Amino acid sequence: VQLQASGGGLVQAGGSLGLSCAISGRTYAMGWFRQAPGKEREFVAAIPWSGGSAYYADSVKGRFTISRDNAKNTVYLQINSLKPEDTAAYYCAAKKTFYGALYSGTEYDYWGQGTQVTVSS
């Protein structure tokens, strides 16, 4: 299984950005995580491929939207009202099974290469 993330870039605060992640195989769920320089990786959002609701970190609720296109094997992350503190490398990840928490990075089996989001103030 391979993941290919894209869509990062440089955006002004208050702006919007869309990320996408294409996966070569089928898994149980997809997630987005981010890691800022000098900080630990943190969970952003996740969504199962078949049914179930999206799940978000409290810090991004209301600004981030995760969605999926089953036909295209692609997951999207729409980021609105960007803040400088959203600056980070964003990684998509795939979780093979139902077991384990959606918000836990250690439960994910495959990872994309990361795409950089930089928000200027």
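Quick caveat, the model's predicted, so the values are computed rather than measured.
Nearest heavy atoms, S121 versus P84: CB-CG, 3.9 Å. The shortest heavy-atom contact between A45 and Y56 is CB-CD2, 3.6 Å. For the pair C21 and W32, the tightest heavy-atom approach, listed with the atom from each and the gap, is CB-CZ2, 3.7 Å. Contact record, G25 with V1: N-CG1, 4.2 Å, taken as the closest heavy-atom pair. Nearest heavy atoms, I79 versus L82: CG2-CD2, 3.3 Å. Among all heavy-atom pairs drawn from A36 and A88, the shortest one is N-CB, 3.8 Å.
Taking NZ of K95 as the start and OG1 of T106 as the end, the distance is 9.5 Å to the nearest 0.5 Å. Taken from OG in S20 to CD in Q4, the straight-line distance is 9.0 Å, to the nearest 0.5 Å. A distance of 5.5 Å separates OH in Y28 from CZ in F98, rounded to the nearest 0.5 Å. Between atom CD of residue Q113 and atom CD of residue Q2 there is a gap of 10.5 Å, rounded to the nearest 0.5 Å. Of the inter-residue distances, the one linking M30 atom CE with T74 atom OG1 reads 8.5 Å to the nearest 0.5 angstrom. In this structure, I23 CD1 and R68 CZ are separated by 13.5 Å, a value rounded to the nearest 0.5 Å.
Between the side chain of N73 and the main chain of S24, no donor-acceptor pair closer than 3.5 Å is present. Between the side chain of Y108 and the backbone N or O of L102, at least one donor-acceptor pair lies under 3.5 Å. In this structure, the side chain of T115 engages the main chain of G8 through a donor-acceptor pair within 3.5 Å. Put simply, the side chain of N70 gets close to the backbone of W49: a donor and an acceptor are under 3.5 Å apart. The backbone N or O of A57 lies less than 3.5 Å from no partner atom in the side chain of S59, so there is not a single donor-acceptor pair.
Q78 places a side-chain heavy atom less than 4.5 Å from the side chain of S16. Between V11 and T118 there is no side-chain heavy-atom pair separated by less than 4.5 Å.
Under a hydrophobic clustering in which Ile, Leu, Val, Met, Phe, Trp and Tyr are joined whenever their side-chain heavy atoms come within less than 4.5 Å, directly or via other members, Y103 and Y91 fall into the same cluster. Under the 4.5 Å side-chain heavy-atom criterion for grouping Ile, Leu, Val, Met, Phe, Trp and Tyr, V44 is connected to L17 within one hydrophobic cluster.
Ring orientation note: the planes of F64 and Y90 are tilted relative to one another, at an angle of 30° to 60°.
Aromatic ring centres of Y55 and F43 lie closer together than 6.0 Å.
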CA sep, side-chain torsions, deciding dist, call: K83, D86, salt bridge (Lys or Arg N to Asp or Glu O under 4.0 Å):
CA-CA 5 Å; K83 304 176 181 180; D86 293 321; over 6 Å; no

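Screening T87, V60, V117 against R34 for a side chain to side chain contact (heavy atoms under 4.5 Å, CB included) leaves a single residue, V60.
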